[in-house]
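Have a look at the structure below before the remarks.
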Amino acid sequence: MAYIQGEDRTQGALFPVSLDDLIPDDHLVRVIEAYILRLDLQQLGFSKSQPKATGRPPYNPADLLKLYIYGYFHRIRSSRRLEAEAQRNVEVMWLLGRLTPDFKTIADFRRDNGPAFTATCRAFVQFCRRVGLIAGELVAIDGSKFQVVASNRKHITPNKLKHQEAALEKRIARYLAQLDETDRSEGGESVNRSAVQAALRELETKKADNQTCQALMEAQGLTQHVLGEPEARKMRTAAGKFVAYNIQSAVDAAHCLIFHHEVTQDGTDNQQLEPMAKAAKAELAQSELTVTADAGYSNGEQFQACEAAGITAFVPANRSVNPTSDEVTFFGREDFVYNAEDDQYRCPAGKVLTLKQLNKGARIYHSAVGDCSTCPLKPQCTKAQRRYVSRHAQEEAFERMEKRMRAHPEMMVKRRSIVEHPFGNLKQWLFGNGRFLVRHLRGARAEMSLAVLGYNLKRALKVLGASQMRGLMS
Ligand code: SF4
């Protein structure tokens with residue numbers, strides 16, 4: 001049986017085919033075109049959005065923005081690959097009217113328009129809000145670390161520098177000893193003196209650079225620094241420690257759209273609940289908001305601040321664990337009754353625990369040694385002479401949070417189903433578990449805005465379909 005045959009390449013067409021004929025009505029590029037047409041690029045802050053009267057005409061920022069949105073939608077992030085797509089991809093040819101900007105023009109546009117990309121991403125969020133894709137009833141907050149351009153080898157600390165300096169000194173001493181040995185030896189030169197001296201000069205230069213680095217870090221009070229990426233920080237991830245940024249996102253439960261994101265330098269999520277929840281509330285322009293996040297966001301002060309701001313948070317309270325052994329689990333904090341009037345705890349044996357000290361905002365209470373030494377419940381309470389119980393400065397906020405979580409255990413399941421989908425998409429699908437392509441916090445912000453815009457566009461298309469979206473945009 002014969003194979004299916006393609007057309008003869010030299011076959012002429014009776015009716016010339018236009019680019020527009022090749023693009024179906026419900027194609028993504030038509031949606032991108034419709035969306036860009038409704039934007040005021042000057043208001044969004046794009047450079048060259050008003051062409052000058054003289055000089056060589058620049059590319060229209062609208063065309064380059066279309067190219068980037070198309071690229072991030074299709075996991076094409078590199079400027080060289082975008083350049084190639086403009087030359088060979090019919091969809092991009094349609095989108096750009098066959099313009100073929102070179103990779104440098106494409107890269108410069110991304111480098112120069114970071115805040116404008118963020119504004120465009122927000123404009124799309126506002127569009128989604130207007131057409132009902134973002135409900136604002138439940139918001140999940142989560143963070144994920146994305147590696148930066150610089151590798152771990154570029155990460156320095158004062159300790160690392162001191163070790164490097166010591167290693168350099170050892171090598172310098174070895175070379176000097178070689179030169180001494182040569183001077184002393186009777187048979188004349190056994191090593192190449194000029195080569196050793198050149199190597200010594202190089203080592204001395206490295207040592208001087210190292211000392212300058214140490215002095216600068218000390219003067220600026222830095223505990224770590226990444227060469228070429230000074231705003232990045234070394235962060236712990238599931239796959240090890242990497243130089244990265246911590247990306248925070250607020251995701252709406254209705255259709256898993258990311259409606260607010262931040263690129264942060266914090267290695268943990270512990271300080272992020274309040275700023276993210278407040279920013280999400282402002283973005284949605286609501287007087288009240290319900291948010292959920294994982295235990296990494298547990299923070300008594302921020303629980304309280306969220307309550308004061310009209311934000312109901314559902315976060316597992318991360319408390320110190322009750323001491324246990326193989327044989328016995330000791331009484332937990334909940335077994336001790338707090339009396340606010342006396343500022344004392346009463347233990348299961350009815351004895352009083354009084355305030356001993358304050359430690360980093362926590363209040364530490366202890367029992368009397370005399371009470372514990374004769375107590376029949378001691379084997380269930382402590383192995384020490386007396387029992388200690390700590391009370392967080394925002395204990396009431398913790399207790400209210402624990403009560404909320406007990407009343408709504410389903411919140412953690414909901415959180416997972418809402419927030420893990422976007423990060424799975426962004427990190428594994430779009431970034432391919434790779435790094436940012438653009439340096440510095442500014443560049444990472446630009447790239448993340450494009451990535452979030454690409455992700456949100458994909459979600460919106462999935463829910464509404466291209467035809468309906470074009471209709472809503474016109
Ligand atoms: S061991 Fe001390 S603190 Fe514990 S129940 Fe007995 S008296 Fe109370």
Side-chain angles (χ1 to χ4, degrees), residues 141 143 236 238 266-274 277 290-309 311-416:
I141 293 171
R236 196 184 296 275
D266 271 358
T268 64
D269 298 332
N270 179 258
Q271 298 295 323
Q272 296 299 327
L273 179 68
E274 183 190 351
T290 303
V291 301
T292 176
D294 64 27
Y297 288 82
S298 176
N299 180 324
E301 279 171 32
Q302 299 203 353
F303 289 167
Q304 197 147 310
C306 282
E307 286 174 356
I311 297 163
T312 309
F314 290 87
V315 180
N318 215 352
R319 314 296 300 274
S320 53
V321 182
N322 198 38
T324 57
S325 72
D326 291 343
E327 308 87 45
V328 63
T329 302
F330 295 122
F331 292 134
R333 188 190 289 101
E334 62 283 0
D335 297 313
F336 292 74
V337 180
Y338 181 68
N339 184 338
E341 257 176 45
D342 308 335
D343 191 20
Q344 288 177 340
Y345 273 97
R346 200 161 281 275
C347 73
K351 304 294 182 191
V352 162
L353 280 76
T354 53
L355 180 66
K356 177 181 177 270
Q357 66 181 76
L358 298 173
N359 181 19
K360 293 180 190 166
R363 299 167 73 81
I364 314 290
Y365 296 78
H366 67 177
S367 56
V369 174
D371 289 340
C372 295
S373 60
T374 56
C375 176
L377 298 178
K378 189 164 184 288
Q380 294 160 260
C381 193
T382 180
K383 281 185 173 177
Q385 278 188 314
R386 57 170 76 183
R387 174 66 194 253
Y388 293 87
V389 171
S390 68
R391 183 177 178 81
H392 196 276
Q394 278 77 35
E395 187 67 29
E396 288 82 5
F398 267 113
E399 285 169 2
R400 285 193 295 275
M401 179 62 76
E402 283 167 344
K403 198 172 160 194
R404 274 202 297 277
M405 290 302 291
R406 275 197 298 276
H408 294 280
E410 77 284 359
M411 273 297 177
M412 283 302 98
V413 181
K414 282 190 183 174
R415 184 204 72 81
R416 256 198 309 280

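Whatever order the structure lists them in is the order used to number ligands and atoms, beginning at 1. Just so it is clear, the model here is predicted, and its values are computed rather than measured.
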* From Glu399 atom CD to Glu334 atom CD, the distance as rounded to the nearest 0.5 Å -> 10.5 Å

* Going from CZ on Arg400 to CD on Glu395, what distance comes out if it is rounded to the nearest 0.5 angstrom? -> 10.5 Å

Atoms in ligand 1 flagged as close to [X], the criterion being non-hydrogen separation under 4.0 Å:
X: Arg387; result: 3 (S)
X: Lys351; result: 7 (S)
X: Cys381; result: 1 (S), 3 (S), 4 (Fe), 5 (S)

* Would a 4.5 Å heavy-atom cut-off, applied to side chains only, mark Phe336 and Cys381 as touching? ->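 Of all side-chain heavy-atom pairs linking Cys381 with Phe336, at least one is under 4.5 Å.
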
* So do Leu358 and Arg363 actually touch side chain to side chain, heavy atoms under 4.5 Å? ->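 Yes - at least one pair of side-chain heavy atoms lies under 4.5 Å apart.
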
* Asked: Is any NZ, NE, NH1 or NH2 atom of the basic residue among Arg333 and Glu402 found under 4.0 Å from an Asp or Glu carboxylate oxygen of the other?
  -> no

* Nearest protein heavy atom to atom 2 (Fe) of ligand 1, by residue and atom, and its distance? -> Cys372 SG, 2.3 Å

* Shortest protein contact, atom 6 (Fe) of ligand 1 (heavy atom only) -> Cys375 SG, 2.4 Å

* Got an N, O or S from Cys347 under 2.8 Å of atom 6 (Fe) of ligand 1? -> no

